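The shown structure was predicted, so the numbers you read here are calculated from the model rather than taken from an experiment.
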Amino acid sequence: MSANQTKYPQLRFKGFTDPWEKRTLGQTTTKAKSYSLSRDVERDHETGYRYIHYGDIHTGVADIVTEHTKLPNIEPANYDELRVNDLVVADASEDYQGIAEPAVVVGLPTHLVAGLHTITLRPSSASSLYLYYLLHTDSFKHFGYQMGTGLKVFGISWSNLSKFTFMIPSRPEQEMIVKLIESVDNLIAVNQRKLAKLKELKQGYLQKMFPQNGSKFPQLRFAGFADAWEERKFFESIASTIDFRGRTPKKLGMDWSDSGYLALSALNVKNGYIDPLADAHYGDEKLYRKWMSGRELKKGQVLFTTEAPMGNVAQVPDDNGYILSQRTVAFETKEDMMTNDFLAVLLKSPLVFNNLSALSSGGTAKGVSQKSLKGLSITVPLDIDEQQKIGSFFKQLDNTIALHQRKLEKLQELKKGYLQKMFC
């Protein structure tokens, strides 16, 4: 038991006051059979037998396993099969965060077997779902880091895993904790599905509302517009580009601050929004003035990440002032030729993104320069009203996606808080 473990959790349900008891995984579970079944045993046809490979745990294919979970087929044999309430943990991972990442069997899809690099835990005196959530806590992750062995690949043995020491409440309190976290998990799953559908819907619209394969006419169009779109070079529609590539506070003889003007970089400019918590750096008034020096960003201007990652697009959300930082440029359009909102959508359209990828350079980290952007051809509607309608449509869709993204992140933070405060 670590020094900061106590007999009482920080957050508790009303009516429970008894101290928690000290246990180990070896005391609350027994080890059941796993097999060295690798990917080469998988079959495309239905066999009536499935297995859990450690890779399926890491990718979330095997998580809370029910009778409806789709797992790989294997040929039937005389296996010791998994049972309802068994936990299957991955005993190998490329980093310590994935050590003993668990799946729990709450329903059997068919005959089910534990495969390569897994350890099967069969609970004897604890709720299987309680143990499943326990193995997601920071205290267990820290234990895995301490007990894991290996350099390129982390591994953990049953003998070490069984030593994990924790505090456990009565069975009724375990069930209450499980029920609460399950409810948050269900909300997370619902919002993940909604978000995935919205992103899929957006991709469909991007495909249909922009001309494809050399055509001058999109497949889907707003009523009242019928004219052919015009092909032109990218910079014909751009009045100016703001690019401070390579500029750093140190080169200006200054440093970042704890607050002030947010720096926009390739790490916090996401697709459709700015994440102020990702790689947050701030500049004070003096740094802001010296850095931006008359090239202040204006609300609506299009931000584009040039590398690592290449191709994320967002717009300046307000006129509060931002520092344009690493691997990000801002475009100012010629108002009589292109709207900011349309440019933001255009840069995210599949055809333009594929053309940008073709123009990019680099190995693993692809990048695009202003020089290569000069070779980019685009197809746009001549009618500014059509551009405005397209831009407005996708802006509303992006706002809906961002709203669901923030809701999902809040739910994930809520779950993290419960895991931190309801276990001890």
Side-chain angles (χ1 to χ4, degrees), residues 1 5 7 9 13 16 18-35 50-54 56-58 60-67 69 71 79-92 98-115 117-144 147 156-186 415 418-419 422-424:
M1 183 172 64
Q5 274 186 306
K7 294 183 179 181
F13 287 101
F16 294 100
D18 292 339
W20 288 21
E21 297 181 356
K22 182 179 175 182
R23 293 285 187 274
T24 65
L25 274 181
Q27 292 172 325
T28 52
T29 67
T30 57
K31 182 176 178 291
K33 184 71 174 176
S34 295
Y35 296 88
R50 290 186 170 85
Y51 85 135
I52 296 176
H53 185 278
Y54 81 109
D56 293 326
I57 298 175
H58 288 314
V61 173
D63 187 11
I64 297 180
V65 178
T66 72
E67 59 270 23
T69 302
L71 293 166
Y79 296 118
D80 288 347
E81 297 174 19
L82 295 173
R83 304 174 189 173
V84 170
N85 294 325
D86 282 350
L87 287 109
V88 182
V89 300
D91 71 5
I99 279 290
E101 192 171 355
V104 60
V105 181
V106 299
L108 290 168
T110 181
H111 300 282
L112 188 59
V113 181
H117 283 310
T118 65
I119 300 172
T120 301
L121 308 181
R122 188 155 289 159
S124 55
S125 60
S127 160
S128 59
L129 278 166
Y130 179 84
L131 294 177
Y132 165 80
Y133 286 122
L134 175 70
L135 298 189
H136 284 89
T137 60
D138 287 343
S139 62
F140 180 75
K141 297 299 181 185
H142 181 67
F143 170 84
M147 303 302 289
I156 194 167
S157 65
W158 161 245
S159 62
N160 281 333
L161 188 62
S162 66
K163 296 173 185 174
F164 177 59
T165 306
F166 55 94
M167 304 301 293
I168 191 168
S170 66
R171 194 60 174 254
E173 192 169 1
Q174 291 178 45
E175 300 296 345
M176 291 287 285
I177 293 169
V178 165
K179 188 175 180 180
L180 176 64
I181 300 179
E182 267 189 315
S183 68
V184 179
D185 261 348
N186 290 337
K415 178 182 175 181
Y418 283 146
L419 290 173
M422 299 192 79
F423 290 81
C424 65

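Look at R171 and E175 and you find a salt bridge, because one of the NZ, NE, NH1 or NH2 atoms lies within 4.0 Å of a carboxylate O, short of that distance.
Here the shortest heavy-atom pairing between T69 and V61 reads CG2-O, 3.6 Å. Here the closest non-hydrogen pair linking N160 and F143 is O-CZ, 3.1 Å. Taking every heavy atom of both residues into account, V106 and V84 meet most closely at O-CG1, 3.8 Å. Heavy atoms only, all atoms of each residue included: I57 and A90 are closest at CD1-N, 3.9 Å. Pairing each heavy atom of W20 with each of M422, the nearest pair is CH2-O, 3.1 Å. Minimum heavy-atom separation, W158 to L121: CZ3-CD2, 3.2 Å.
The line from CG of L134 to CZ of R23 is 13.5 Å long, rounded to the nearest 0.5 Å. To the nearest 0.5 Å, the span separating NZ on K33 from CD on E81 amounts to 14.0 Å. Distance check: R122 CZ to S128 OG gives 11.5 Å after rounding to the nearest 0.5 Å. Here the straight-line distance linking atom CD1 of I156 with atom CG of L161 works out to 5.0 Å at 0.5 Å rounding. Atoms CE and CZ, from M176 and F13 in turn, are 4.5 Å apart once rounded to the nearest 0.5 Å. Atom-to-atom distance recorded for K31:NZ and S159:OG is 10.0 Å, nearest 0.5 angstrom.
Around atom CZ of R83, no more than 12 heavy atoms belonging to other residues, nucleotides or ligands sit under 6.0 Å away.
Looking at L82 and V65, their side chains never come closer than 4.5 Å, going by heavy atoms from C-beta outward. Put simply, the side chain of I177 does not reach to within 4.5 Å of the side chain of Y418, judged on heavy atoms. At least one side-chain heavy atom of D185 sits less than 4.5 Å from a side-chain heavy atom of K415. Between L112 and I52 there is a side-chain heavy-atom pair separated by less than 4.5 Å. The shortest side-chain heavy-atom distance between L131 and V104 does not fall under the 4.5 Å cut-off.
Aromatic rings of H136 and F140 (six-membered ring for Trp) have centroids beyond the 6.0 Å cut-off, not under it. Proximity of the aromatic rings of Y130 and F423 is defined here by a centroid distance below 6.0 angstrom, and this criterion is met.
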Derivation and outcome, side chain to side chain contact (heavy atoms under 4.5 Å, CB included), residues Y132 and L87: CA-CA 7 Å; Y132 165 80; L87 287 109; 3.9 Å; yes
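When each of L180, V178, V184 is tested with E182 by the rule side-chain contact (heavy atoms from CB on, under 4.5 Å), just one qualifies, namely V178.
At distances below 3.5 Å, at least one donor-acceptor pair connects side-chain atoms of R50 with backbone N or O atoms of L71. A side-chain donor-acceptor contact under 3.5 Å links Q27 to the backbone of T24.
For S34 and T118, the side-chain atoms include at least one donor-acceptor pair closer than 3.5 Å.
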